[in-house]
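As structure tokens, the structure follows; a few thoughts come after it.
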Amino acid sequence: MRRIPILCLALCLLLTACGAAVTDDAAAGTELGVYFFAAGAADAIAITTENSTVVIDCGEKGFGKEIVSWLEERGIDYIDYLIITHFDQDHVGGAAKVINSVTIGTVLQSNCPKDSSEYEKYAAALENAGLEAVTVTSAMTFTLDGVTYTVDPPRSGSYDEDESNNSSLIVSVVNGGDRLLFLGDAMTERLEEFLDTNSDTYDFIKVPHHGREETLMETLIASVQPETAVITSSDDEPEDEATVETLENAGIAVFYTRTGAVALTSTGSGVTVTYADELQDADA
């Protein structure tokens with residue numbers, strides 16, 4: 001029987017230990033923050049790490065200045081990716097202000113433009129900034145600061161009902177062992193497409209369509225199995241009770257932007273969600 005020299009064995013063990021440490025560090029992910037603006041029944045979301053910024057939707061007309069102020073307060077003058085999930089006014093309305101105020105690397109958009117003043121201002125802002133938005137027609141993935149983003153587009157060019165909402169881009173974010181899912185305003189047809197191919201579970205979801213009642217909500221929750229969720233709603237346009245009941249019956253902790261801005265922190269080995277005011281009070 002051949003014997004391994006003691007020195008070689010020690011070296012192998014050392015390399016194995018170092019390799020394990022590298023793997024553990026890679027799996028741990030990076031410090032990632034997600035800020036859900038209190039934008040009423042509208043979506044405006046900023047995702048940041050030390051070296052990257054992604055913005056998903058920009059709220060209604062006039063809300064762009066709130067996003068710009070938030071970025072300026074944090075010394076952020078560059079957005080790596082601006083993602084417009086679809087072109088309803090409560091998602092694209094503030095985009096022109098953001099584009100006109102902040103340098104942006106890439107703009108990703110859905111495939112269903114709308115005839116509206118908000119869309120026209122968005123398109124004009126892109127032109128003025130010398131940007132050409134990328135219409136996402138097949139799943140695309142990019143990585144920033146160790147965080148992987150996958151943008152899943154609508155499978156169809158048109159839908160029988162709720163065409164704009166059902167054209168929503170769905171964004172998943174993977175940071176180490178943490179998985180986050182942002183569902184835009186996806187409704188039945190779009191959710192069916194997603195569920196047909198999804199095999200992943202998620203720690204967190206941004207509930208689709210401001211918490212409106214959805215026949216596939218129970219199926220969605222059973223598929224992705226989140227522990228926490230955010231609903232972007234307002235006092236004037238609150239979430240439906242049926243949606244809340246479905247989430248709470250599944251043991252999911254639910255946060256509402258009608259209560260205030262919501263802050264999520266991901267370390268790669270755990271997700272924490274709280275109201276931003278509470279987080280600021282704790283830091284004070």
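Because the structure is predicted, anything quoted here is derived from the model rather than measured.
- Between G157 and N111, the shortest heavy-atom contact is CA-ND2, 4.1 Å.
- Of all the heavy atoms in I99 and A125, the pair that sits closest is CG2-O, 3.5 Å.
- No donor-acceptor pair under 3.5 Å is formed between the side chain of R179 and the backbone N or O of F204.
- Using a 4.5 Å cut-off between side-chain heavy atoms of Ile, Leu, Val, Met, Phe, Trp and Tyr, with links allowed through other members, L169 and L216 fall into the same hydrophobic cluster.
- Between T257 and T259, every side-chain heavy-atom pair lies at or beyond the 4.5 Å cut-off.
- Among all heavy-atom pairs drawn from D178 and S269, the shortest one is OD2-N, 3.5 Å.
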Kindly determine whether T30 and D145 satisfy side-chain hydrogen bond (donor to acceptor under 3.5 Å, both in side chains), including the steps that lead there. CA-CA 8 Å; T30 189; D145 213 10; 4.5 Å; no

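- In this structure, the side-chain hydrogen bond (donor to acceptor under 3.5 Å, both in side chains) partners of S52, at least two apart in sequence or on a different chain, are T49.
- The two residues V102 and Y78 come nearest to each other via the heavy atoms CG1-N, 3.9 Å.
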Take D185 and H209, measure what side-chain hydrogen bond (donor to acceptor under 3.5 Å, both in side chains) needs, and give me the verdict at the end. CA-CA 4 Å; D185 275 3; H209 200 209; 4.5 Å; no

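- Here the shortest heavy-atom pairing between A44 and G59 reads CB-N, 3.9 Å.
- In summary, the aromatic rings of Y149 and Y81 are positioned with their centroids too far apart to meet the 6.0 Å limit.
- One hydrophobic cluster, built from ILVMFWY side chains closer than 4.5 Å, cannot hold both Y159 and I170; they sit in different ones.
- The backbone N or O of F194 lies less than 3.5 Å from no partner atom in the side chain of N198, so there is not a single donor-acceptor pair.
- N51 and D80 make their closest contact through O-OD1, 4.3 Å (heavy atoms, listed as atom of the first residue, atom of the second, distance).
- The list of side-chain hydrogen bond (donor to acceptor under 3.5 Å, both in side chains) pairs with a residue in residues 115-134, not counting sequence neighbours, reads Q109-Y122.
- Linking ILVMFWY side-chain heavy atoms closer than 4.5 Å, directly or via other members, places V34 and V174 in two distinct hydrophobic clusters.
- Within 6.0 Å of atom CD in E50, 12 or fewer heavy atoms from other residues, nucleotides or ligands are found, so the atom counts as exposed in its surroundings.
- Relative orientation of the W70 and F37 rings is perpendicular, given thresholds of 30° and 60° on the angle between their planes.
- No single ILVMFWY cluster, assembled from side-chain heavy atoms under 4.5 Å apart, contains both M187 and I231.
- Remark: side-chain polar atoms of S223 are not paired, donor with acceptor, to backbone N or O of L220 under 3.5 angstrom.
- Counting only distance, with no hydrogens or angles, the side chain of N175 and the backbone of E31 share no donor-acceptor pair below 3.5 Å.
- Following chains of ILVMFWY side-chain contacts shorter than 4.5 Å, one can reach V224 starting from I56, so the two form part of one hydrophobic cluster.
- Remark: of the listed residues H210, R212, R258, R212 is the sole one forming a side chain to side chain donor-acceptor pair (under 3.5 Å) with E237.
- Counting only residues at least two apart or in different chains, salt bridge (Lys or Arg N to Asp or Glu O under 4.0 Å) contacts with residues 151-162 comprise D152-R155, D152-R190.
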